[in-house]
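Step one of this worksheet: look at the structure below.
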Protein chains: 2
Amino acid sequence: MSLTEENYLKALIYLSFLAPGIKEKKDVGTNELASYLKLKSSTVNEMLKRLKEKNLIHHEKYKKISLTNSGERTGLKIVRKHRLWETFLFTKLGFDWIEIHEVAEQLEHIKSEKLVEKIDMLLGYPNYDPHGDPIPDKCGKIPQRICKNLSTVERGKNCVVLAVRNTSRDFLNYLEDLNISIKTEIAIVGKIAFDNSIKIKIKNKQHSISNKVADNLLVDDSFN
Amino acid sequence: MSLTEENYLKALIYLSFLAPGIKEKKDVGTNELASYLKLKSSTVNEMLKRLKEKNLIHHEKYKKISLTNSGERTGLKIVRKHRLWETFLFTKLGFDWIEIHEVAEQLEHIKSEKLVEKIDMLLGYPNYDPHGDPIPDKCGKIPQRICKNLSTVERGKNCVVLAVRNTSRDFLNYLEDLNISIKTEIAIVGKIAFDNSIKIKIKNKQHSISNKVADNLLVDDSFN
DNA sequence: TATAATAGTTAGTATTACCTAACAATATAA
DNA sequence: TTATATTGTTAGGTAATACTAACTATTATA
């Protein structure tokens, strides 16, 4: 399996169910994939033929793309490697947040089953990477998030939005204003005892939200 | 710089002065390089053109190849990365001796100045890799070996042959029988108090050598 | 439902890194 | 010193991965 093929599979995994905001698996269009990979759709089209021949994807002319079981398994292995390397760079080498992705993009293609497992061991078999994204296990199983209300997360901790409890138009509009959606990372800056409102930080911008709002956001803070 | 170009430079470094038994820099032939890289000489020839254009090697038609300063610096960076990764795999992840090379062959091509330096730091700035080979520093400087007589190396330690003190035909023939040459790795298995002879292991084969022989072998055991 | 916009495919081209086969230069040895 | 062996080069070809341009199918809308 070439580095390029691996990147296609990873992209398909991402676009079909791993990207922020996706609730259930969806098929992927050729152009969608091309623009994500910053390639031309003709280039992608050729690769699709090869991936189909190798039984890694389902694809019929002019139809959307989906991963086969084999393709998904292979792709999840790359995601696993990527996230383990990110964790390694962050926790063992003191890289920061912004730098880890680019280097992990390279490291994820190193071919050595043993290396991945040893790094996993060295890190203490983490379930989440430094961004709070779940790390698939050896078999490709993605750890279940531990779900709690944003209002219960401690000051100073970070969390990731898993779901919203209220789907009213007003609430969703408000979330959009705050730039909050599924998988958004939120840092808890402080809590106001007076009215139980919470100071949060999203993409380096600080906001204040009421307890009612916090109570309607389900998050995971288990990677702290 | 492509992975392939990096491998050519590394090979040239190796063949021109890093390989066991080479005492001073020598120029390299096209076929020599080709057979080392397990490629056809026509393939190598094309690459030589490119490396020359990039000012990484000196090469005139039908003449031998040598590295430019720039080529040597670049190549030594790859050697540095290779040996640091080998050390990492061995000392931090418990890989054994035989496995480390293959994985380091991949890891050495990861592009991140910071990563190399962090790994170097994590390892405590080692001077030698698990094989006893010197690790070039950031600037490409190769640490000087610490030279001592084989007879002074402690039981249980490993060392690498640096030079021979006696160049008589008889002595050299004897060394050849024992499979000892420059850069040969020797493990000290035991010492016989009776006659000061030494039990050694070379490539998993055990031998016994007299004190007189040991006294004529200059080695480095500083990587233990 | 005709047409425009979007999405997907095909054809032909370039580059990298390999190959084989044929040939040219240099070195060695009878 | 000429014949032979070795070494190095050139020409032409292939597979992988990208591209542009032109085409076709599908979808959305007026």
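Predicted model, so just to flag it, every value in this text is computed and none were measured. We name chains A, B, ... by the order of the sequence lines, and we start the count at 1 in each one.
- Here dA25(C) presents its P atom at 16 Å from CD of E60(B), a figure rounded to the nearest Å.
- Atom-to-atom, CD1 of I65(B) to P of dT7(D) comes out at 13 Å; the value is rounded to the nearest Å.
- Looking at residues two or more places apart in sequence or on another chain, you find no salt bridge (charged side-chain N to carboxylate O under 4.0 Å, His left out) involving E185(A).
- Protein atom NZ of K38(A) is 12 Å distant from nucleotide atom P of dC19(D), rounded to whole Å.
- Following rounding to the nearest Å, L48(A) (CG) and dA7(C) (P) show an atom-to-atom distance of 16 Å.
- Scanning for side-chain hydrogen bond (donor to acceptor under 3.5 Å, both in side chains) contacts around E117(A) gives R80(A), with sequence neighbours left out.
- Under the salt bridge (charged side-chain N to carboxylate O under 4.0 Å, His left out) criterion, E60(A) pairs with K52(A), sequence neighbours left out.
- We find that CG of L39(A) is positioned 20 Å from P of dA14(C), with the value rounded to whole Å.
- The salt bridge (charged side-chain N to carboxylate O under 4.0 Å, His left out) check on K183(B) picks up nothing, with sequence neighbours excluded.
- Separating the NZ atom of K63(B) from the C1' atom of dT26(C) is a distance of 10 Å, rounded to the nearest angstrom.
- Whole-Å rounding puts the K40(B) NZ to dT7(D) P distance at 15 Å.
- By the ring-ring contact (aromatic ring centres under 6.0 Å, His included) test, H131(B) is found to be paired with W97(B), residues two or more places apart in sequence or in another chain being considered.
- For L9(A) against L56(A), the heavy-atom pair with the smallest separation is CD2-CB, 4.1 Å.
- Following rounding to the nearest Å, E5(A) (CD) and dA16(D) (C1') show an atom-to-atom distance of 9 Å.
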Report each atom pair, protein N/O against N/O of nucleotides 10-14 of chain D, whose distance is under 3.5 angstrom.
from, atom 1, to, atom 2, distance (Å)
dT10(D), OP1, K61(B), NZ, 2.9

